**Student:** 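Below: one structure in structure tokens.
In this text, all values refer to a predicted model and were calculated from it rather than measured experimentally. So you know, we letter chains A, B, ... as the sequences are listed, proteins then strands, and number each from 1.
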Amino acid sequence: MRIASFNINGVKARLPVLLDWLTESAPDVACLQEIKSVDDGFPRTEIEDLGYQVETHGQKGFNGVAILSKLPLEDISRGLPGDESDEQARYIEATVIGSRPVRVCGLYLPNGNPAPGPKYDYKLAWMARLEAQMRVHLATEEPVIFCGDYNIIPQDEDAATPSDWTGDALALPESRAAFRRMLALGLTEAFRARQHGGGHYSFWDYQAGAWNRNNGIRIDHHLLTPQAADLLRDCWIEKDQRGREKPSDHVPVWIELDA
DNA sequence: ATGGTAGCTGCGCTA
């Protein structure tokens, strides 16, 4: 089973890119972030025509996540528990029925800038809720994947120019500490586990020629429960997507599981 | 030190 996480930065503007990618790279499961669409506006039929089941959790204008799957999906759950007043669409879960079932949790973690401030407070509170949900899933001792745009640069080596990010919500010590607490629960960060080291990125800003200068950051991650980590065959970044026509500012990050 | 781009929306907000 191959699962890709991809922040597409607008599903309607990115539809030709998305359809080409689904056709050529053909993930079994794709977790999308920043669809920037309500559920009714999502280009469902075009994607279903490529053989995917489509489950969305959208909102108007901003945010929004989706899971696309060639394998059957069961028990879809929308929204991150822990705050009934939170109206931002940033989280969706489904069980993928492969040769063995895998619970896939797609997330779009808040950016948090400017920090400090209410947006940063929201980011940290959202991370605490995510950590609580991770604890719930860890207790099941089943294969579970938490993938998406974490908006966290885990270490300086995950940025081409670390000094650009000093004081930024993506790299502040408190942000990194919250991410490390997730790993300390016993989750495996798939890309790191494959010992790729530093110098690999999943996002390049549209501004200031970041792509041409390879001034990127690695902020899209897959975190695996021990039972999922046991199934991990590989993890890689599909960097060449960033150089294509009308690209997203993120590229897909993949895992392959023995499932 | 500043400004640079993109998407959605409706000329500002988010990233």
**Student:** Salt bridge check: are A:Glu157 and A:Arg192 linked by an N-O gap of less than 4.0 Å?
**Tutor:**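 Yes, this pair counts.
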
**Student:** Between B:dG4 and B:dC8, how far apart are the two P atoms, rounded to whole Å?
**Tutor:**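 One P to the other, the span is 22 Å.
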
**Student:** In whole angstrom, give me the gap between the P atoms of B:dG7 and B:dG3.
**Tutor:**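 So the two P atoms sit 22 Å from each other.
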
**Student:** In whole Å, what is the span from the CG atom of A:Asn215 to the P atom of B:dT5?
**Tutor:**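 These atoms are roughly 16 Å apart.
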
**Student:** Output the rounded distance in Å from CZ (A:Arg213) to P (B:dT5).
**Tutor:**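 Those two atoms, CZ and P, are 13 Å apart.
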
**Student:** Rounded to the nearest Å, what distance is computed from the CD1 atom of residue A:Ile8 to the C1' atom of nucleotide B:dA6?
**Tutor:**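 Distance check: A:Ile8 CD1 to B:dA6 C1' gives 14 Å.
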
**Student:** Say we look at B:dA15 and B:dT2: how far apart would their P atoms be, to the nearest angstrom?
**Tutor:**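 After rounding to an integer number of Å, I get 23 Å for this pair.
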
**Student:** Go through the steps for A:Arg181 and A:Glu131 under the test salt bridge (Lys or Arg N to Asp or Glu O under 4.0 Å), then give the verdict.
**Tutor:** CA-CA 8 Å; A:Arg181 276 198 296 276; A:Glu131 184 183 331; 3.6 Å; yes

**Student:** Got a salt bridge between A:Glu189 and A:Arg218, using NZ or NE/NH1/NH2 to carboxylate O under 4.0 Å?
**Tutor:**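 Looking at A:Glu189 and A:Arg218, the cut-off is met.
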
**Student:** Nearest 0.5 Å, please: how far is CD1 in A:Ile47 from CG in A:Leu32?
**Tutor:**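 If I round to the nearest 0.5 Å, the distance is 7.0 Å.
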
**Student:** Rounded to whole Å, please give me the gap between NZ in A:Lys60 and P in B:dC8.
**Tutor:**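 For the pair A:Lys60 NZ and B:dC8 P, the rounded distance is 12 Å.
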
**Student:** Roughly how many Å apart are B:dA1 and B:dA6, using the P atom of each and rounding to a whole number?
**Tutor:**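 It works out to 27 Å between them.
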
**Student:** Sort me out a list of protein N/O and nucleotides 13-15 of chain B N/O pairs below 3.5 Å, or just none if empty.
**Tutor:**
from: B:dT14; atom 1: OP2; to: A:Lys119; atom 2: NZ; distance (Å): 3.0
from: B:dT14; atom 1: O5'; to: A:Lys119; atom 2: NZ; distance (Å): 3.4
from: B:dA15; atom 1: OP1; to: A:Arg90; atom 2: NH2; distance (Å): 3.4

**Student:** Using atom NZ of A:Lys12 as one end and atom C1' of B:dC8 as the other, report the distance to the nearest whole Å.
**Tutor:**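 After rounding, the reported distance stands at 8 Å.
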
**Student:** If I pick the C1' atom on B:dT9 and the same atom on B:dC13, what distance separates them, to the nearest angstrom?
**Tutor:**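 Going atom to atom, C1' in each nucleotide, I get 9 Å.
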
**Student:** I need the single residue from A:Trp254, A:Phe203, A:Phe179 that forms a ring-ring contact (aromatic ring centres under 6.0 Å, His included) with A:His221. Which is it?
**Tutor:**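 For A:His221, the ring-ring contact (aromatic ring centres under 6.0 Å, His included) test succeeds with only one of A:Trp254, A:Phe203, A:Phe179, which is A:Phe179.
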
**Student:** Applying salt bridge (Lys or Arg N to Asp or Glu O under 4.0 Å), run through A:Arg14 and A:Glu34 and close with a yes or a no.
**Tutor:** CA-CA 11 Å; A:Arg14 209 73 58 212; A:Glu34 282 205 89; over 6 Å; no

